[in-house]
Amino acid sequence: MFALVDVNNFYASCETVFRPDLRGKPVVVVSNNDGCIISRSVEAKALGINMTAPYFKIKDELHRNQVTVFSSNYALYGDLSNRVMMTLEEMVPAVELYSIDEAFVDVSGIANCMPLETFGRQIRERVLKNTGLTVGVGIAPTKTLAKLANFAAKNWQQTGGVVDLSSRNRQRKLLALVPVHEVWGVGRRISKKLGLMGIENALQLADSSTWVMRKHFNVVLERTVRELRGESCLAFDEFAPSKQQIICSRSFGQRITAYRDMHQAVCAYAERAAEKLRAERQFCCAVSVFMRTSPHAQNETFYAPQSSGRLTVPSNDTRDIVRVATHALQAIWKEGFRYMKAGVMLSDFFSQGVAQLNLFDEYPPRPDSHALMQVIDRLNHSGRGTVWFAGQGIQQSWAMKREMLSPRYTTHYPDFPIVR
DNA sequence: TCTGGGGTCCTAGGACCC
DNA sequence: TCTGGGGTCCTAGGACCC
């Protein structure tokens, strides 16, 4: 039996935890670069503010309605996320972290001790007490149904934020009420096509033939159908599989037109990607770089090239990654465009395990690599200062916009709230 | 002027092998 | 005259998720 626990309006809620004066008022969080809306408080939703609405387009409307706007503060959200997950770990035998604000938890066996709904309420109370955040809990025999139960918990007030879909009857009743595009795994494209086939709600999808779904779509949708019927196809995964790729990409605060600036940005992203790679304790062989102009710009040709290079020896040394990334950039750079965004992607990973030992033996990595990288990573995490390679520059005219950033209440000493 | 960032899985098609 | 069939690996692209 699965329970899906997720935090309501996560980013917006994180902001109000430290600003009690804003509770009950409309609050939104905008994406990196203050681009578009990515989280809204209940009050902001009630005003009809859309998810992913471009900020610059609705700025006046937000102001008129006295909506408080925050730039995204991932240091804060990441820290609060950890606290929520730690609370869950204390309460159940196994937790599968699904995203920054969601987790599947294993509640098999709980039903022997107490009704599952009661347990759901205990989770809510405990998380609220420990973090000040409110979660919704959906309980069901499959992950897809648990997601749906969670949807119901969020959307119907009278559930009190907890829905137990153990009973087959309740499953079918809910399925009939939910539009098919709310089903986990059914996005815009597929729901449109399903609509043409006369399938509009989740119950109709659950009752459709698995082989027809497989023929017209694919095995993924077939699994979804089975899951909706109560047949579990997606297993509980307590230990996150290691990553296949790492991406660091960002839009620029202002368009880049000069090679020097792009070179800085690519170096900065390569550095960050290498840091993530080391955090995963992995080594990579492939490094690719991409950049793009704005797809929205009128009267400008869209240009979005990509290039990749390889390392002969798996490495996670910033110097190696930066070198290949720079080389790849040179291959695709063209003057005369106004670049909006760039990114660095690492793939083809190896862990420093048994299988690859001989690779390292034949071409030993730089002897100082491990020690140097460790010192850099420690310094950058100590809160005492930051060091970086010269390539990314000091005056970053392209750095992203974050004009409405909240303090780092939990991760930066000078910003800690003071209790009097 | 201004439109996020970071992932996963699956499939089709081409290259290549015997 | 008659020119196979089956397999693997890789890549690009599409769909989805939060």
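Letters A, B, ... mirror the listed sequences (proteins, then strands); counts begin at 1.
- Using a 4.0 Å heavy-atom cutoff across all strands shown, A/V219 reaches sugar-phosphate atoms only and no base atom.
- No hydrogens or angles considered: a donor-acceptor pair under 3.5 Å links the side chains of A/K45 and A/N9.
- The residue A/Y98 sits close only to the backbone: its heavy atoms come under 4.0 Å of sugar-phosphate atoms, none of a base.
- Taking the six-membered ring for Trp and the full ring otherwise, A/Y11 and A/Y77 have centroids separated by under 6.0 Å.
- C/dG4 sits 14 Å from B/dC17 when the C1' atoms are compared, rounded to a whole Å.
- A close approach under 4.0 Å does not occur between any side-chain nitrogen or oxygen of A/K193 and OP1 or OP2 of C/dA15.
- Taking atom CG on A/L97 and atom P on C/dC18, their separation rounds to 16 Å, with Å as the unit.
- Closest approach to the A/K276 side chain among B/dG7, B/dG4, B/dC2 is made by B/dG7 (side chain taken as heavy atoms from C-beta onward).
- Note on A/I246: only backbone sugar-phosphate atoms sit closer than 4.0 angstrom, heavy atoms only; bases stay farther off.
- Regarding contacts with the backbone of B/dC10, a side-chain N or O of A/R223 is found under 4.0 angstrom from either OP1 or OP2.
- Distance A/L221 CG to B/dT8 P: 22 Å, rounded to the nearest Å.
- Residue contacts shown for A/N33 are absent, as no nucleic acid heavy atom lies under 4.0 Å away.
- If you check the side chains of A/T134 and A/N8, you find no donor sitting under 3.5 Å from an acceptor.
- In this structure, A/Y339 has its ring center no closer than 6.0 Å to that of A/Y259.
- Dashed line: the shortest gap from a side-chain N or O of A/R250 to OP1 or OP2 of B/dG6 is under 4.0 Å.
- Rounded to an integer number of Å, the gap from NZ of A/K192 to C1' of C/dG14 is 15 Å.
- For C/dC10, the paired base is B/dG13 (Watson-Crick or G-U wobble, both distances below 3.5 Å).
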Q.
salt bridge (Lys or Arg N to Asp or Glu O under 4.0 Å), that's the test. Do A/R223 and A/E227 meet it? Break it down for me.
A. CA-CA 6 Å; A/R223 280 203 282 261; A/E227 285 246 322; over 6 Å; no

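- Counting non-hydrogen atoms under 4.0 angstrom, A/D101 reaches the backbone sugars and phosphates but no base.
- Nearest to the side-chain atoms of A/S251 among the listed nucleotides C/dC18, B/dC10, B/dG5 stands B/dG5.
- Among B/dT3, C/dC18, B/dG4, the nucleotide with an atom closest to any side-chain atom of A/N32 is B/dG4.
- Distance CD (A/E275) to P (B/dG6): 13 Å, rounded to an integer number of Å.
- Sequence order on DNA chain B of the closest nucleotides to A/C248 and A/V220 puts A/C248 first from the 5' end.
- As a whole-Å value, the separation of A/M404 CE from B/dC2 P is 16 Å.
- Atoms CD (A/Q245) and C1' (C/dT11) sit 13 Å apart, rounded to a whole Å.
- Aromatic ring centroids of A/F104 and A/W184 lie under 6.0 Å apart.
- Distances shorter than 4.0 Å separate some side-chain N or O of A/K341 from OP1 or OP2 on B/dG5.
- The nucleotide whose nearest atom lies closest to any side-chain atom of A/W184 is, among C/dC18, B/dT3, B/dC10, C/dC18.
- Within the 4.0 angstrom heavy-atom criterion, only backbone atoms of the sugar-phosphate kind lie near A/V183; the bases stay farther away.
- Distances shorter than 4.0 Å separate none of the side-chain N or O atoms of A/R272 from OP1 or OP2 on B/dG5.
- The side chain of A/F56 has B/dC2 as its nearest neighbour among B/dC2, B/dG4, C/dC17.
- At the phosphate of B/dG6, OP1 or OP2 sits under 4.0 Å from a side-chain N or O atom of A/S249.
- Checked against C/dC18, B/dT3, B/dG4, the side chain of A/H296 finds its nearest nucleotide in B/dT3.
- Here the side chains of A/R126 and A/L128 are not in contact, with every heavy-atom distance at 4.5 Å or above.
- Residue A/S72 has no polar side-chain atom (N or O) positioned under 4.0 Å from OP1 or OP2 of B/dG4.
- The nearest whole Å value for the distance from the NZ atom in A/K243 to the P atom in B/dT8 is 8 Å.
- In this model, the phosphate group of B/dG4 is not approached by any side-chain N or O of A/R292 to a distance below 4.0 Å at OP1 or OP2.
- Taking atom CZ of residue A/F290 and atom C1' of nucleotide B/dG6, one finds them 10 Å apart after rounding to whole Å.
- Annotation: of the two residues near DNA chain B, A/S242 and A/R338, the 5′-most nearest-nucleotide partner is A/R338.
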